[in-house]
There are 2 protein chains.
Amino acid sequence: MSLPHAILTALLEKPSSGLELTRRFDRSIGYFWPSTHQQIYRELGKLEQAGHIRVLPAARPARGQKKEYEVLPAGREALREWVALAEDPRPVRDPLLLRMRAAAVVGAPGLAGELRRHLALHREQLAEYLEIERRDFPPERTADEDRLRRLVLRGGIDLETFWTGWLTRAIDELDGPGPEGGSPDAPTP
Amino acid sequence: MSLPHAILTALLEKPSSGLELTRRFDRSIGYFWPSTHQQIYRELGKLEQAGHIRVLPAARPARGQKKEYEVLPAGREALREWVALAEDPRPVRDPLLLRMRAAAVVGAPGLAGELRRHLALHREQLAEYLEIERRDFPPERTADEDRLRRLVLRGGIDLETFWTGWLTRAIDELDGPGPEGGSPDAPTP
DNA sequence: CACCGTTGTGCAACTAGTTGCACAATGGCG
DNA sequence: CGCCATTGTGCAACTAGTTGCACAACGGTG
């Protein structure tokens, strides 16, 4: 039940059309709740149906024609209620860790390479977050409502820092001592 | 496409029935790929259909009667192929970060409490992982095939360490300086 | 003007995970 | 013996996310 609330948040920050929303997702909310345009359009329909948002009167409704949405009081209220809810962290679900577990059983040629590839990706993401921090949250100003947004960004940064750290250590250990990849099926000759 | 491979891995470690598998998931593979018994039974059916696993002859097939599965060579091969695949990390999808973002817009009464609740949960999980490390991976022995399993566990530990660290700092900042919760709708009087 | 790339909206089918429930076999207990 | 908790298997319906595609409007270019 997160996507509709992600959309409400984005629309409250700025009324937008479906495509604008999609683009903005790609470089803000989408970092921790990614979504395709198809999904967004579908959800916009449902939100309008539910009376949580409406099309801005300025825009005329025609296929292939821009439709700007804005949040209605009911939508704001729904979002507020959702924020107040207690919700447990969703369980981790990570294929890479799973594959390492499988590699322990059936052998792991090339696993170190895959880890390096992931490391590069996470480093990239980390750099992107740091750039955003530099640009949007310079050390001096700590405007009050920005504090939460800043914390969220910090979360992203810390998360990528965890990954780069762990991957680095894992790679070190894998192609450092002993047989490469730890494969029981292909021990070092 | 991860669940079937998670199951193959578990079955290679030890042939099991559906329910045994479910239980073992809860305290090993399930930490990073949780799954319900319904899902597991369904997947076991598909894997058998595909010729990747089979029912051990010892067990007789009757409703309400235990069925032990073992992995066939084809299944082992399929798992090996999957391990060798390159697969990008799946995008983060975290409702808590999303809610903080929403809180920046509609106000956040009680958010700090929710963060504390999450902190407690993550501390618990961390303790569980550390206990497993203490029990299964004492510092001296580093048996070769265990290296990967140990790294995976390390991943879990580091991940929970990230969460507890970030949450602690977030809580500090939230109810430390300035108005509580950073709510724009309910500024401190 | 005809073509084509871009912007914009959207449907349909599929995949994977969740929730709720049904029901058979077994073994212990009153 | 009849009841019931436990172990064990499984179906059905639902929810959310993914993939593939269709098609309208607009603006520029040959």
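A, B, ... follow the sequence lines: proteins, then strands. Residue 1 opens every chain.
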Tell me which residues in residues 22-30 of chain B lie within less than 4.0 Å of DNA chain C, going by non-hydrogen atoms.
none
Whole-Å gap separating C1' (dT15(C)) and CE (M1(B)):
10 Å
Applying the side-chain contact (heavy atoms from CB on, under 4.5 Å) test to R54(A), which of L47(A), L72(A), V71(A) qualifies?
L72(A)
note: K46(B), atom NZ; dT15(C), atom C1'; distance rounded to Å ~ 8 Å
Report the residue (Y69(B) or L3(A)) whose heavy-atom-nearest nucleotide on DNA chain D is the more 5′ of the two.
Y69(B)
Under 3.5 Å, N/O pairs linking protein and nucleotides 19-21 of chain C:
| residue | atom | partner | partner atom | Å |
| --- | --- | --- | --- | --- |
| dG20(C) | N7 | Q38(B) | NE2 | 3.4 |
| dG20(C) | O6 | Q38(B) | NE2 | 3.2 |

dA25(D) OP1/OP2 closer than 4.0 Å to side-chain N/O of K66(A):
no
By salt bridge (Lys or Arg N to Asp or Glu O under 4.0 Å), D158(B) pairs with (sequence neighbours left out) R169(A), R154(B)
Which whole-number value in Å describes the distance from E68(B) CD to dT7(D) P?
16 Å
With sequence neighbours left out, what residues match H52(B) under ring pair (Phe, Tyr, Trp, His ring centres under 6.0 Å)?
none
Would you classify S35(A) as touching base, sugar-phosphate or nothing, given that sugar-phosphate means primed atoms plus P, OP1 and OP2, and contacts are heavy atoms under 4.0 Å?
nothing
Using a 4.0 Å heavy-atom cut-off, does R93(A) contact any base of the nucleic acid, only the sugar-phosphate backbone, or nothing at all?
sugar-phosphate
Ring pair (Phe, Tyr, Trp, His ring centres under 6.0 Å) involving Y129(A) - partner list, sequence neighbours excluded:
Y31(A)
Axis-to-axis angle for the helix from dC1(C)-dG30(D) to dG30(C)-dC1(D), ends of five pairs each, to 10°, equals 20°
d(CD1, I40(B); P, dT18(C)) in whole Å:
11 Å
Would you mind reading off the distance between K67(A) atom NZ and dA25(D) atom P, rounded to a whole angstrom?
14 Å
